[in-house]
Amino acid sequence: ITKEQQALMKIITDAYNRHQIPQDVAKKLLQDQYSAEENFLLLTEMATSQVQVLVEFTKNIPGFLSLDREDQIALLKGSAVEAMFLRSAQVFSRKMPSGHTEVLEERIRKSGISEEFITPMFNFYKSIGELHMVQEEQALLTTVTILTPDRPYVKDQQAVERLQETMLDVLRKLCVLQHPQEPQYFARLLGRLTELRTLSHYHTEMLASWRMNDHKFTPLLCEIWDV
Ligand SMILES: CC1(C)[C@H]2CC[C@]1(C)[C@H](OC(=O)c1ccc(O)cc1)C2
C-alpha cells in the first residue's frame, strides 16, 4: 500500500466513522412502545438519518465532488439502498450494544415488512457479520458500492470507473494485509455486493407494500427513491 493509498484510506475511514447514525435514533429504538405503527415511524427515522449520513459521507470521497453534478445525484440515488443495507449490516453485526440488536430486529419484524423480505435481509446481515471486516474495509466497500459506474442515468461512466478502480485497488491490498490466511477474502467481499443488488429489489417491493398500506415516507426518502 503506497503512501497516497494510505492517506486515501484514512480520509475515507475517518469520514465513515465521523458520520454515524445519531444516538437519539438509536436510543428511541429502546424506549417507544411496540406497535407496528410506532415501529414503522422509528424505521422511517432510521432510514432518513441513514440517507443523511450517506450524503455527508459521500462528499468526503476524494474525487466525488469533481464528478458531474447530475452524475453525483445519480450515484447517490442508485446506491442509497445498498449503502444503507451495508451500514445497517455493520451496525447489526458489531456497533450495536448487545440487547439493542434484538430490539431492532424485533421492531423490523413487526413493522409491516413481509416475511419474504425479512429472511434475505437477516441472512445478509449474518453473511456480513461472518466476514469480520475491519472498519477500513467497511468504509472502502461502501465507497466501492457508491462508485458503481453502471447506475441508471450516469453520463460519464468512465470517470466513475476510474474512481472506483482506485478504491478497489486499495481494498484489494488491504484485504491481503488484513486476511493473509484467506487469499479469496477480497473476492468474498465483492460477492456481498452482488447479494446487495438482490436486496435492493426486495427493498423496492417493501416500499410499495408500505405505500399500499398508506404509510407515509419523509420528503428525503421520497426524493432519493422516487416514491
Ligand atoms: C434496517 C433497514 C435497512 C431495513 C429496515 C429499516 C432500514 C433502515 C430500512 O428501512 C427503510 O428502507 C425504510 C424506508 C422508508 C421508511 O418509511 C422506513 C424504512 C430497511
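Indexing begins at 1, ligand by ligand and atom by atom, following the structure's order. The model shown is predicted, which means the values in this text are computed figures rather than measured ones.
- Neither the backbone nor the side chain of Thr218 has a heavy atom within less than 4.0 Å of ligand 1.
- Closest to atom 3 (C) of ligand 1 among all protein heavy atoms lies Ser88 OG, 3.4 Å.
- Thr48 and Thr218 form a side-chain donor-acceptor contact under 3.5 Å, judged by distance and modelled atom types alone.
- Of all the heavy atoms of Tyr125, the ones lying under 4.0 Å from any atom of ligand 1 belong exclusively to the side chain.
- Considering CD1 of Ile61 and OH of Tyr16, their distance stands at 11.0 Å, rounded to 0.5 Å.
- Residue contacts with ligand 1, taken as heavy atom pairs separated by less than 4.0 Å, involve Trp225 solely via side-chain atoms from C-beta onward.
- Each of the atoms 15 (C), 16 (C), 17 (O) of ligand 1 lies under 4.0 Å from some heavy atom of Phe217.
- Relative to the six-membered ring of Phe124, Arg192 misses at least one condition, a distance below 6.0 Å or an angle of at most 45° to the axis.
- Taking every non-hydrogen atom of Met206 and a distance limit under 4.0 Å, the qualifying atoms of ligand 1 come out as 20 (C).
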Item to complete: Starting from the C-alpha separation in whole Å, work towards a yes-or-no answer on salt bridge (Lys or Arg N to Asp or Glu O under 4.0 Å) for Arg151 and Asp71.
Response: CA-CA 9 Å; Arg151 298 290 186 198; Asp71 284 355; over 6 Å; no

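- Contacts of His215 with ligand 1, taken as heavy-atom pairs under 4.0 Å, are absent altogether.
- For Asp150 and Gln157, the side-chain atoms include no donor-acceptor pair closer than 3.5 Å.
- Near His203, meaning under 4.0 Å from any of its heavy atoms, are these atoms of ligand 1: 11 (C), 12 (O).
- For Gln158, the CD atom counts as loosely surrounded, since its 6.0 Å shell holds 12 or fewer non-hydrogen atoms of other residues, nucleotides or ligands.
- Comparing Thr44, Thr48, Leu207 by heavy-atom distance to atom 16 (C) of ligand 1, the nearest is Thr44.
- Distance from atom 9 (C) of ligand 1 to its nearest protein heavy atom, with residue and atom name: Met84 CE, 3.7 Å.
- For atom 7 (C) of ligand 1, no protein heavy-atom neighbour is found at a distance under 4.0 Å.
- Atom CD1 of Ile224 sits about 14.0 Å away from atom CZ of Phe217, to the nearest 0.5 Å.
- Around the CD atom of Glu223, the shell of radius 6.0 Å holds no more than 12 heavy atoms that belong to other residues, nucleotides or ligands.
- Residue-level proximity to ligand 1 for Leu104 is absent, since no heavy atom of it falls below 4.0 angstrom.
- Not counting sequence neighbours, the partners of Val53 by the side chain to side chain contact (heavy atoms under 4.5 Å, CB included) test are His19, Arg87.
- Given atom 10 (O) of ligand 1, the protein heavy atom at minimum distance is Ala47 CB, 4.0 Å.
- Within ligand 1, counting atoms from 1 as listed, the ones closer than 4.0 Å to a heavy atom of Leu43 are 6 (C), 18 (C), 19 (C).
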